Amino acid sequence: QVQLVESGGGLVQAGGSLRLSCAASGRIFRINNMGWYRQALGNQRELVASITSDGRTQYADSVKGRFTISRDNAKNTVYLQMNSLKSEDTADYYCKADIQSRWGVPANECWGQGTQVTVSS
């Protein structure tokens with residue numbers, strides 16, 4: 001019964017910034033990798049950024065230098081700071097977390113319901 005809830009999306013002008021948050025709640029023993037994905041109309045869902053439990057990050061080439069992913073393990077929350085936004089960043093953004101519900105069982109992929117980001121030019 002793990003739930004991921006995203007927030008922070010909205011409408012911004014090109015060049016502006018947004019900060020997305022995703023908080024996990026429920027039966028959680030350990031959260032391994034966390035990440036942000038996005039899906040624009042007519043496109044496949046793609047990885048934007050990911051972060052390991054010890055803080056190592058990975059970014060899609062299209063967002064390197066503009067986006068920053070971070071996490072607060074005490075709050076079970078992952079963030080995505082988005083700067084210098086472009087029209088092509090317009091998409092529904094989804095957070096994902098690999099969550100181990102109890103000791104000794106494999107982690108499961110958990111997804112949020114998404115938050116909309118629209119960048120106008």
Side-chain angles (χ1 to χ4, degrees):
Q1 299 286 35
V2 173
Q3 182 175 219
L4 302 180
V5 179
E6 301 103 333
S7 62
L11 173 64
V12 297
Q13 292 281 329
S17 298
L18 283 174
R19 186 179 189 241
L20 306 183
S21 300
C22 176
S25 62
R27 185 177 177 85
I28 300 170
F29 171 73
R30 174 72 172 172
I31 302 179
N32 298 324
N33 296 336
M34 304 184 80
W36 288 94
Y37 293 71
R38 68 186 181 187
Q39 187 168 17
L41 285 175
N43 290 357
Q44 298 280 341
R45 186 172 296 186
E46 64 176 354
L47 175 67
V48 177
S50 64
I51 185 167
T52 65
S53 59
D54 60 356
R56 284 174 286 185
T57 59
Q58 189 170 11
Y59 297 92
D61 288 340
S62 59
V63 307
K64 285 181 179 177
R66 300 188 297 120
F67 291 9
T68 302
I69 189 171
S70 61
R71 63 190 286 170
D72 185 335
N73 291 331
K75 296 181 179 180
N76 292 328
T77 299
V78 62
Y79 307 93
L80 186 68
Q81 179 67 46
M82 304 185 294
N83 298 326
S84 302
L85 284 162
K86 306 175 181 179
S87 295
E88 49 263 46
D89 295 318
T90 295
D92 288 332
Y93 283 71
Y94 301 86
C95 66
K96 190 196 80 170
D98 299 325
I99 299 177
Q100 190 178 1
S101 61
R102 62 170 68 92
W103 184 89
V105 301
N108 292 323
E109 290 187 352
C110 300
W111 290 87
Q113 292 300 304
T115 185
Q116 187 178 40
V117 172
T118 302
V119 184
S120 62
S121 60

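This structure is a prediction, so every number in the text was calculated from the model and none was measured.
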Do the non-hydrogen side-chain atoms of Val63 and Arg38 ever get within less than 4.5 Å of each other? yes
#### Entry: Test item: side-chain donor near acceptor, Ser53 and Asn32, under 3.5 Å
no
Glu88 meets the salt bridge (charged side-chain N to carboxylate O under 4.0 Å, His left out) criterion, sequence neighbours left out, with none
So CG of Leu4 and SG of Cys110: to nearest 0.5 Å the spacing works out to 6.0 Å
For Gln13 and Ser120 the tightest heavy-atom approach is NE2-OG, 3.2 Å
Check whether any side-chain heavy atom of Cys95 sits under 4.5 Å from a side-chain heavy atom of Met34, and report yes or no. no
Taken to the nearest 0.5 Å, the spacing of Leu41 CG from Asp92 CG works out to 7.5 Å
Residue set satisfying salt bridge (charged side-chain N to carboxylate O under 4.0 Å, His left out) with Arg27, at least two apart, ordered chain then number -> none
Rounding to 0.5 Å, atoms OG1 (Thr68) and CD1 (Ile51) come to a distance of 10.0 Å
ask   = Could Asp89 and Lys86 be called an ion pair, given the rule that one side-chain N must be under 4.0 Å from one carboxylate O?
value = no
* To do: List the steps and the verdict of side chain to side chain contact (heavy atoms under 4.5 Å, CB included) for Ser50 and Asn33.
  => CA-CA 7 Å; Ser50 64; Asn33 296 336; 5.8 Å; no
Smallest heavy-atom separation, Ser121 atom then Ala14 atom, equals CA-CB, 4.3 Å
In short, ring pair (Phe, Tyr, Trp, His ring centres under 6.0 Å) pairs touching residues 63-102 with sequence neighbours left out are none
Taking every heavy atom of Arg56 against every heavy atom of Asp54, the minimum-distance pair comes out as NH2-OD2, 2.9 Å
Residue set satisfying ring pair (Phe, Tyr, Trp, His ring centres under 6.0 Å) with Tyr37, at least two apart, ordered chain then number -> Trp111
Main-chain N/O of Val5 paired to Gln113 side chain as donor or acceptor, under 3.5 Å
no
**OP:** Check whether any side-chain heavy atom of Tyr59 sits under 4.5 Å from a side-chain heavy atom of Arg66, and report yes or no.
**Re:** no
If you define the side chain from C-beta out and look only at heavy atoms, does anything of Ile31 sit under 4.5 Å from Val78?
no
TODO: Evaluate whether atom CD of Gln58 has more than 12 neighbouring non-hydrogen atoms of other residues, nucleotides or ligands under 6.0 angstrom away.
DONE: no
Those residues at least two apart in sequence (or on a different chain) that pass side chain to side chain donor-acceptor pair (under 3.5 Å) with Ser101 are none
Do the non-hydrogen side-chain atoms of Leu20 and Met82 ever get within less than 4.5 Å of each other?
yes
For Gly114 and Glu6, the nearest pair of non-hydrogen atoms, with its separation, is N-OE1, 2.9 Å
Taken to the nearest 0.5 Å, the spacing of Asn76 CG from Arg30 CZ works out to 10.0 Å
Those residues at least two apart in sequence (or on a different chain) that pass side chain to side chain donor-acceptor pair (under 3.5 Å) with Arg102 are none
All heavy atoms of Leu18 vs all of Leu85, minimum pair found to be N-CD1, 3.9 Å
Check your understanding: Taking the side chain as C-beta and beyond, is there a heavy-atom pair between Asn73 and Arg71 under 4.5 Å?
Key -> yes
The reported gap from CG in Asn108 to CD1 in Ile99 (rounded to nearest 0.5 angstrom) is 8.5 Å
